[in-house]
Amino acid sequence: MKFLLRRLGFYVLTAWAAVTLNFFIPRVMKGDPVQSLINRFQGQIDQDAVHSLYVLFGLDKKQSLWQQYVDYWKEILHGNLGISFAFFPTPVSQVIKDSLPWTVALVGMATIIAVVLGTLIGTYLGWRRGTWADSILPVMTFFSSVPYFWLGLLFIALLAVTFPVFPASNAYTPGMTPSFSFAFLQSVVQHGFLPALTIVLSSVAGWILGMRNMMVTVGSEDYVTVAQAKGLPERRVMYGYAARNAVLPQVSSFALSLGFVVSGSLVMELVFSYPGIGAQLFAAIGAKDYPLMQGIFLVITVAVLLANILADVVYVFLDPRTRQEG
Amino acid sequence: MSDEALDPAGSGGRADSAGRAGATSRTTTRPVVARDDVVLEAVGLTKHFPLRGLRASGAVHAVDGIDLALRSGQVIALVGESGSGKSTVARLLARLYPQTAGTIRLHGEEVTARRGRAFRRYARRVQMIFQDPFASLNPVHTVRYTLTRAVKIHQKGLSGDELEKALRALLERVQLSPDRFIDKFPHELSGGQRQRVAIARALAADPEVLLADEPISMLDVSIRIGILNLLQDLRDRLGIAILYITHDIASARYFADRTYVMYAGKPVETGDSESVTQTPAHPYTQLLVRSAPDPEDLVSEERSGGRGEPPNMVNPPEGCRFSPRCPFATDLCRTTTPPLLQIGAGREVACWGYASRVGGGTDAIPASAQLPQLGAAAAPVTAAATTTPEVTR
Amino acid sequence: MSNLPIDPAAAVPVDTESIVESAVEGPSTDPAHRKKKKFVFVRNAKSITGLVILAVFVVLAIVGPWIAPHNPNDVSLDLLAPPSGSHWLGTDHLGRDVFSQLLVGTRSVMIVGLVTGVGATLLAVLIGVSAGFLGGIPDEVLSALANIFLVLPALPLIIIIASQMDNAGSMVIALVLAATGWAWGARVLRAQTLSLRGRDFIEAARATGESTGRIVWFETLPNLTAIIASSFVSTVTFAVLSQTTLAFIGVTSISDWSWGTVLYWAQANQALSRGAWWWFVPAGLLVAVLGMALTLINFGIDEFVNPRLRLAGMSAREMRRSGIRPRIGFTARVRNLPRTYAHPTPVVSAGVRSSGEPVATTSDEPKETVR
């Protein structure tokens, strides 16, 4: 219990640091976009919105920095992330709500596929080392070193342009309204195939290698030898004894990478014009849409923190040794 | 390096850079020590390790009040099973971590140093050999480097030829041919050779006390005798006091002058090795002695005496810690911890079974308490409480 | 059950009292062979390949601008020309020679890789080893610091920082990458240091009277060299991929040629749709080859660190030659391999573990993949 409490303390501290950093970002940036925005929309921004903007970006010079900081926290805790400049007058939280699910769904799904596939293949490769299986390794390292976006663009060129099997961009056919109809879902899957394929291909190698190494290490442990000596069927030993232990670090890594799902999808969404949160962030940076930028940054950080916490909790449950140690 | 250990006063006061008179390169005065003088003693040594983690409270009572006196030219064996606290005692004496309670005295002066120059001065007198010869040498350093560091720390100012001579002397003292071994890495040596290098490293400090934590447990059986003989030789020639920690009571008899038996962090029996092993007084010692396989007596009912397991060290049982396993235990044993009772010259045992035969042994307990009857298993009690106490209190 | 792995050292003579002199044989004891054993990871075919490829890139980085057939900025009349004798990789939309662009671009890629690698590794060593060794409050503070940096999304942060600067040159990018990329290595090193700290030889060094400084520098750090090396290699990979991505999305300075810049131009001008594969494909391939070389080096280090993996890395022929017959599921243990790391196990990411702490193998690191 003390252990988990300490970890929780860590995370609270990290969250605080992230929010504070977020607070300072627009204040150290050049230019005064809020003022120009207010000028542009003279009279069309109500007082509350103006006040929010002032507070969020500390451009109200009359207040002390500390007061601005406190106000910022107040706004954050109320879920008020401000109003987006580029999508004025849509609130930031709305923009995020619209784009986050796409990212999480696509990249999350692709990551899960990559992890499961990679772990299974890695288990098999690790178990049967010394055979032809080992020659796959150099090929896999090649794929894992390829820049993701490059692979994506190549796939687009091959499978969307030259041989138009899949659509080249967007999350669903433009013009369709989102619903749970079969047609819509089919369109979503179709559009999501290429991005997902690229993600899986470029990341699966890492999982395979990790699992393989662990399987090799665990395979030489005595308890595996005993299990085989007992006469258990090979499959049972491989999964129940070797893989069960080898998978522990994979689980941690997986939980952590969930956090990176949100933050690392930026380039993928650019390449495939996928309306996810990464693309929004990039557009926001370009358009100097500070509220949106801050809001997305915060969401990403919180997501990574949550993933870390999940990783810790899962690991404590999976590995009985940790329950006794400090 | 024959008798300098016994007459260090010849080197006089601090000999920093000037002290290069051959082997007497010590830099601090050492008191003149005759054989059998107490060099290092521990009084009421206690160590509790606080528990951290998911179970947040409590502590492991590794050692609970042990008195020990190491004398020059004597070997004291500390015998016990895993978890008895014997390794902890060694590390406490080596000042690798602080004790929870109790004092350690070197030549009568209390020792509190744990770092810096004060600790180095202490380390020059008290050295330690570890159990695992494969782990106690840094795998990336050669024997030469390891020994050079030890020499340089404790014999300041040596370099070049003199350093080389000192290194060779050290290796020869542990019966390793310098030419063959000085440039080897630990993984190129066998277990016995590594342990000899570890002993050489300890000797570089020219210590008065050697704490040997199960030095032969991890060695092949055929080499164990060699290491023990080496240690015996060091005791005889250099007058080093040796604390020999082991779980094997037979080697204690072979090697040690006195034996302390520990169980669950407390001493249960002390005495000279011959008596302790031949006529063990405490039921636990009897169990240890009986458990050694005797090729001449393969079938014996006595052998089935041991039941049970070592106790939980986080919450040790009240009363005598051996009572759950003891065939003679009574209610008294389970509620009240027996003190060390003197049953002979330099012989003590912590068992209520001897309380009635020792003067004042029953003072602390109610008159109606039932004492365990050891019967034929009891060791003979000689004229008690007339010998000099074990430890200066 | 007869195919138990053969122990190559089975013929070793038992070390008895009378032959104290004889060392355990297996590897020979003459100095030359011993030296080679120290660098056994270099003899691994994988790492040799990796090192050779890396060396080629380093050489190209140094001499690239001098041997390039054209100035990468020179426009010509051959717009979007496919590969030919005068333009080995064709030209771009302004008639500039793609091959020269890539050649010159190698330099900035290698510089960024190297500077980031050195910088981040230095930071990781400093913070990770200190945290592991000091323990207590300093450890908590440094770990919290590393955690904060790990949690912050690196790429968005870098983009924000880089977009603030008028001209984000290579050095700036490298420093920013180093400042955001050290945290993972620090965590791994801290775990390793914690595990080493409880080892007997460290305690023995203390018992001998060594000062803490010397213990850290001369006893602990030499045992960490393999981990540090692999962390360095991983960081270089991360830096190269990141820099390429940053250049691709247009964040870095356009006047600085790098592989990513080439891709930026290619994408901005619809290279693929126009069928100009020679413009787009080679840059990505270069990154992949460099990344692969670095990963191979890491394999070599991995196998050096973890003797069990070494067997896994041997080809079937090598194993037959050594007389080892691996059974499916068994990993035969070859005795007398250097026992630099007695308990190799994988990286544990999230929490703090006490002794028995696993050794990191590089392929477990989930770097933030830049997608």
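Reckoned from all heavy atoms, side chains included, excluding hydrogens, waters and symmetry mates. This structure is a prediction, so every number in the text was calculated from the model and none was measured.
With a 4.5 angstrom heavy-atom cutoff, V281(C) touches chain A via backbone and side-chain atoms both. With a 4.5 Å cut-off on non-hydrogen atoms, T295(C) touches chain A through its side chain but not through its backbone. F143(A) does not touch chain C: none of its heavy atoms, backbone or side chain, sits under 4.5 Å away. Proximity to chain C (any heavy atom under 4.5 Å) is shown, for V237(A), by neither the backbone nor the side chain. Of the two parts of E140(C), the backbone and the side chain both hold a non-hydrogen atom closer than 4.5 Å to a non-hydrogen atom of chain A. Residue F280(C) touches chain A through both its backbone and its side chain, counting heavy-atom pairs closer than 4.5 Å.
The main-chain N or O of A288(C) is never found under 3.5 Å from a side-chain atom of W150(A) such that the two would form a donor-acceptor pair.
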Exercise for review: Under the side-chain contact (heavy atoms from CB on, under 4.5 Å) rule, what do I159(C) and L266(A) come out as? Steps first, then yes or no, please.
Suggested key: CA-CA 11 Å; I159(C) 294 179; L266(A) 198 144; 4.1 Å; yes
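Distance check, rounded to the nearest 0.5 Å: CG of L285(C) to CZ of F142(A) gives 5.0 Å. Once rounded to the nearest 0.5 Å, the distance linking OG of S145(A) with CG of L241(C) reads 7.5 Å. With rounding to the nearest 0.5 Å, the separation of CH2 in W277(C) from CG in L158(A) is 13.0 Å. In this structure, the separation between CD1 on I148(C) and CG on L13(A) is 5.0 Å, given to the nearest 0.5 Å. Interatomic distance, CG of L21(A) versus CG of L157(C), reported as 6.0 Å (0.5 Å rounding).
F149(A) is listed as a side-chain neighbour of L263(C), based on a closest heavy-atom distance under 4.5 Å. The side-chain heavy atoms of L150(C) and T14(A), taken from C-beta on, include no pair separated by under 4.5 Å. Within the 4.5 Å cutoff, the side chain of V271(A) has heavy atoms near those of the F248(C) side chain.
Note: L154(A) leads L154(A), L151(A), L270(A) in heavy-atom pairs under 4.5 Å with chain C.
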